[in-house]
Amino acid sequence: MKRVTVFGATGSIGQNTLDLIARAPQEYQVVALTGGRNIAQLAADARRLGAELAVTAHDDLLGDLRAALAGSGVQAAAGQAALIEAAARPADWIMSAIVGAAGLAPGMEALRQGTTLALANKESLVTAGPLLMATAAAHGARILPVDSEHSAIFQALVGEDIAAVERIVITASGGAFRDWPLERLAAATLAEASCHPNWDMGQRITIDSASMFNKALEIIETREFFGVTPDQIEVIIHPESLVHALVGFRDGALMAHVGASDMRHAIGYALHWPERRDLPVARLDLAAIGTLNFRAPDPARYPALRLAGDVMRRGGLAGAVFNAAKERALDAFIAGRIGFMDMSGIVEDVLTHMSSDSGLIDAGITLDTVAHVDHLARVRADETMAARAR
Ligand code: NDP
């Protein structure tokens, strides 16, 4: 039996992961499931799947979790230390699907155990890519990408030499506002930004898709995961979201990964890797689809893409600054404190301000330095927002 742990089990990726695990219960022993505030879902899944342990990230919810698990035999725990302990429990496969920078520390602990880490939490690679990759190498752990684009690239590279890669093309749906007149974007509401045209995902990544901050994170993730240079990475708008990525080789060949917009494909590929197994995803009827469209992204609509270039040029801890400022600006947009187009301006201000301090940005990437600049970036983002509100 494969021993599996799922971080962020109550979220969109987590639930899709559990769906696949629940389809073959005889094949999996669920070691730990973790969640945040959704205690009812966490407890129900831990009971249903016979997990050894359920962990909520929030200390104040331990009593609720204990009550919800009473009589089940599932252990309950809460807080950051409990998340790290869950990551240290022996497992063959761990899904990293917490949203945001909070996913980094548990993922690092999992890698220290030498396990296979299925990485949906792209923020880990953006904030601390070199640290993550070095930790995996030092402990004989393997990182498998779960982001659909990165899974697609990974699959297109099977049997290939990365030195033969000329370019990597990541597709983007363009998000909720891809066809809106530019002047309307400043007034876009939370509800409007929370509707993705093709994918059913968590709210934060859905809004990040509309702003393309998600694509900006993915560009950096591509660089960190595959070790290509920034100028080898291209983004193209593909409204159908059926081609997930393309890898261009030096002989001019482009290998495209095409499939339904269903995260269970990428999750299932990572779960069964290196095998391919049956997955409950729709098979494409190409004749019915007929046409696939591609177009260049408009830089004025998606300033986040330019910022990704700035982050990669700056290097060091710039990714951690970028991600933290983005998370803070997103919090403010969700809370109704700033407009949709304000987010990129705030992130740019924080990035420019903090990147000028080379002592800070080039301090070396450790969990402590990442946490330090993450904190400073959030403070600076708050100051920037307060100054703009005056
Ligand atoms: P969701 O918001 O749906 O779920 C996030 C999960 O993380 C939930 O289990 C949530 O718990 C938990 N969580 C939230 N905050 C914390 C915290 N501070 N500490 C510990 N746990 C926390 O997110 P998604 O599933 O959409 O995304 C998860 C990750 O996967 C992200 O990094 C995202 O970028 C990436 N990803 C997602 C895709 C998708 O299709 N959704 C596609 C590709 C990548 P609770 O809900 O109980 O509070």
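The model shown is predicted, which means the values in this text are computed figures rather than measured ones. All ligand and atom numbering here is 1-based and tracks the order in the structure.
Between F213 and F322, the distance separating the two ring centers is shorter than 6.0 angstrom.
Listed by chain and number, G8, A9, T10, G11, S12, I13, G35, G36, R37, N38, A57, A97, I98, V99, A102, A120, N121, K122, E123, D147, M201, G202, I205, M263 each place a non-hydrogen atom less than 4.0 angstrom from ligand 1.
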Do H244 and W199 pass the ring-ring contact (aromatic ring centres under 6.0 Å, His included) test, and can you show the C-alpha distance, the side-chain angles, and the key distance before you say yes or no?
CA-CA 12 Å; H244 303 303; W199 294 93; 5.7 Å; yes
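Contact check on D19 versus R23 returns a salt bridge, with a Lys/Arg side-chain nitrogen under 4.0 Å from an Asp/Glu carboxylate oxygen. Ion pairing between a basic and an acidic side chain is recognised when a charged N comes within 4.0 Å of a carboxylate O; K326 and D208 show such pairing. Salt-bridge annotation for D231 and R223: absent, with no side-chain N of the basic residue lying under 4.0 Å from a carboxylate O of the acidic one.
Considering V6, L104, L119 in turn, L119 is the only one that fulfils the side chain to side chain contact (heavy atoms under 4.5 Å, CB included) rule with S96.
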